[in-house]
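I have placed the structure first, in the form of structure tokens, so that the comments after it can refer back to it.
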Amino acid sequence: MTTRMNRQRTALLVAGFLIAATSTLIASCQKRPGAEGVGATPMQGVGDLQIGVANAPDPPHIGDNALSIVVRDDEGKPIRGAQVDAVVSMPAMGAMPRMESRGKLKELKPGVYRADYGLAMNGEWDVNVRVRPKGKAAVEAAYRLSTSTPGLAFAGGTPAAGGNRSEGNMSEMPGMSSAGSGQEQRDASPMGSVIGAVRIEPSRRQEIGIRTAPVQMRDLSTTVRAVGRVLYDERRQAEVSLKFAGWVRDIAVDYTGRPVRAGEVLFTAYSPELWSAQQEYIEALRADDDSSSSSRGEPESDLAQAARRRLELWDIAPAQVRQIAREGRPREALPIIAPVSGVVVEKNVVRGSAFTPGQVLYKIAPLDPAWVIADVYQADLPLLSVGLPATLTNPYLDEGSRHGRVSFIYPSLQAETRTGQVRVEVPNRRGDLKPGMFVNVELQIRLGRRLAVPESAVLPTGERRVVFVDLGDGRLAPREVSLGARAGDYYEVLSGIKPGEIVVTSGNFLVAAESKLKSAAQKW
């Protein structure tokens, strides 16, 4: 009897449960969007607005989706013509880059907006909605969306006006501070930068060694270091070649490396052509002297001028031409002089050598000034400019440094090393900078007064650079920043943070780990 009563009681309980579940299911299927206009997600107090968000389909799937966004004021009236932005994103994980889809917004009716977007894969996604009514400050609301779970989970947003909080508990919204400073924070940062913030108590900060420093303007300077090779100055090199054929008689400069001065005799040359040209010039002068219509004070005749011009075109010095005219006889061995001062870097003749027109007999290159060709990494090339001061030191000698200036930046890169060449011109009066020598080159670059962040505050995350900003009350929020040149222990800040903000300079890897753990726990 007792067993039968127990069975009847169990059957009644099961039937009651089924009836209740069926009623609930029917009610949910027949339920239309209520006063909020959004079925799955209730209206949330965000700033001085009421915002509700739902997704269609629910749950979302790979491909095209749509967000329905209802915006009302604190009295429940629809907000028309607001600027609404919606971003659906998934943070970078391992080798997978960050994915983002920006919704295409359209106002369907007063206070109701539709954002069409696409999902590239299944998983957990962050939804960030930013609403800026006409003539008012913008507010933000953050949600979490899953392709396996219906509805959107409210993660927080701009604190409600008057300090009120909705059921989403916006006081725990990562990265949110007071209404004034928080608003400025969001206006200065990209949408979604507040996601992933973490609250760390002072005692915990001390345990993991968190230190902070303000972001401020600094006089930045950096040093580019490179290795350079000493070369001859190409602009002052000279070759000695003659415009007539002949033979070498006597050699005065008889070995490679010998220093010479401009105008010094290199060797003497005999040439039948040169001897004939001298003889023609002398005979033309004699004809002028014998002419009854000329005197010594009158200019040379056309024939004499033509003969003299022929010698000059063969690079015979004017002083030698005058000497030939004074002596009145041609010279068999005419001295050939050095055109520039320097050292002989190439010598192609010996005593008795025959030479032809255009043959290179000597190459002479000066030692002062010297060229230093430095190989600079591609990343440092934009910092350099012509006229930049340079300091050179010899790594193999204990001597003082010497100074020069950048005179040219080569327009191409070395394909093998991905470096560019920079030419530094250096005085070398003593000749102790020898071509082929390697020296260390330091280029001092002054960037001027720039907004700077300590190098230790920057976390590289693939293609992005992130710093943790101290928002007060123990909250640390990640912020993506755009950086310029590195100057010593600092980076130039191009965008992402403002002067006066406090960033974490020590322990930020541990902060990042806690931030990821918290974000993963909230998604789970």
Side-chain angles (χ1 to χ4, degrees), residues 36 38-55 58-60 65 67-71 84-93 98-103 113 115 117 119 122-131 138-161 163-179 182-183 185-186 189-200 466 468-469 471 473-480 511-512 514-524:
E36 300 85 3
V38 180
T41 303
M43 301 292 284
Q44 305 287 344
V46 182
D48 57 355
L49 302 178
Q50 295 290 321
I51 299 178
V53 182
N55 192 82
D58 192 20
N65 296 268
L67 290 173
S68 178
I69 304 170
V70 177
V71 183
V84 181
D85 296 314
V87 177
V88 181
S89 62
M90 179 181 289
M93 292 180 290
R98 182 178 186 269
M99 291 182 288
E100 179 180 286
S101 177
R102 291 186 174 271
Y113 301 83
Y117 70 98
L119 293 182
N122 292 322
E124 306 289 330
W125 294 81
D126 295 326
V127 179
N128 295 273
V129 177
R130 183 185 180 94
V131 180
V139 299
E140 291 185 12
Y143 301 85
R144 290 185 176 86
L145 186 68
S146 173
T147 56
S148 59
T149 305
L152 285 83
F154 181 70
T158 304
N164 296 327
R165 298 290 184 266
S166 68
E167 59 185 85
N169 192 8
M170 287 177 292
S171 63
E172 295 300 324
M173 172 61 184
M176 291 297 172
S177 60
S178 62
Q183 186 61 47
Q185 174 83 12
R186 285 181 295 278
S189 63
M191 183 180 296
S193 63
V194 294
I195 300 301
V198 63
R199 183 191 298 273
I200 302 179
V466 176
F468 277 90
V469 180
L471 303 178
D473 196 22
R475 289 168 295 177
L476 303 174
R479 185 86 60 79
E480 183 178 352
V511 175
E514 292 207 13
S515 175
K516 291 180 179 179
L517 287 174
K518 180 176 180 180
S519 178
Q522 289 174 337
K523 289 181 179 181
W524 178 258

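Note that the coordinates shown come from a computational prediction; the quantities given were computed from them, not determined experimentally.
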Closest heavy-atom contact between [X] and [Y]?
X: Ala115; Y: Gly103; result: CB-CA, 4.2 Å
X: Val139; Y: Gly47; result: CG1-CA, 4.0 Å
X: Ala141; Y: Val46; result: CB-CG2, 4.0 Å

Could you go through Val70 and Met43, starting from their C-alpha distance and side-chain angles, then the distance that decides it, and tell me whether this counts as side chain to side chain contact (heavy atoms under 4.5 Å, CB included)? CA-CA 8 Å; Val70 177; Met43 301 292 284; 3.9 Å; yes
Roughly how far, to the nearest 0.5 Å, is [atom2] of [Y] from [atom1] of [X]?
X: Thr149; Y: Arg144; atom1: OG1; atom2: CZ; answer: 13.0 Å
X: Glu140; Y: Thr158; atom1: CD; atom2: OG1; answer: 6.0 Å
X: Tyr113; Y: Asp85; atom1: OH; atom2: CG; answer: 11.5 Å
X: Met99; Y: Asp126; atom1: CE; atom2: CG; answer: 11.5 Å

Take Leu476 and Leu471 through the side chain to side chain contact (heavy atoms under 4.5 Å, CB included) test and state the conclusion after the steps. CA-CA 6 Å; Leu476 303 174; Leu471 303 178; over 6 Å; no
Could you please spell out the steps behind the side chain to side chain contact (heavy atoms under 4.5 Å, CB included) verdict for Val88 and Asn128? CA-CA 7 Å; Val88 181; Asn128 295 273; over 6 Å; no
Verify side-chain hydrogen bond (donor to acceptor under 3.5 Å, both in side chains) between Asn55 and Tyr117, making sure each step is shown before the conclusion. CA-CA 10 Å; Asn55 192 82; Tyr117 70 98; 2.5 Å; yes
Polar side chain donor-acceptor pair, Glu124 to Ser146, under 3.5 angstrom: yes
Any residue meeting side chain to side chain donor-acceptor pair (under 3.5 Å) with Ser101, in chain and number order, not counting sequence neighbours: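 With sequence neighbours excluded, Ser101 shows a side chain to side chain donor-acceptor pair (under 3.5 Å) to no residue whatsoever.
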Give the C-alpha distance, both sets of side-chain angles, the deciding distance and a yes or no for side chain to side chain contact (heavy atoms under 4.5 Å, CB included) between Asn65 and Trp125. CA-CA 13 Å; Asn65 296 268; Trp125 294 81; over 6 Å; no
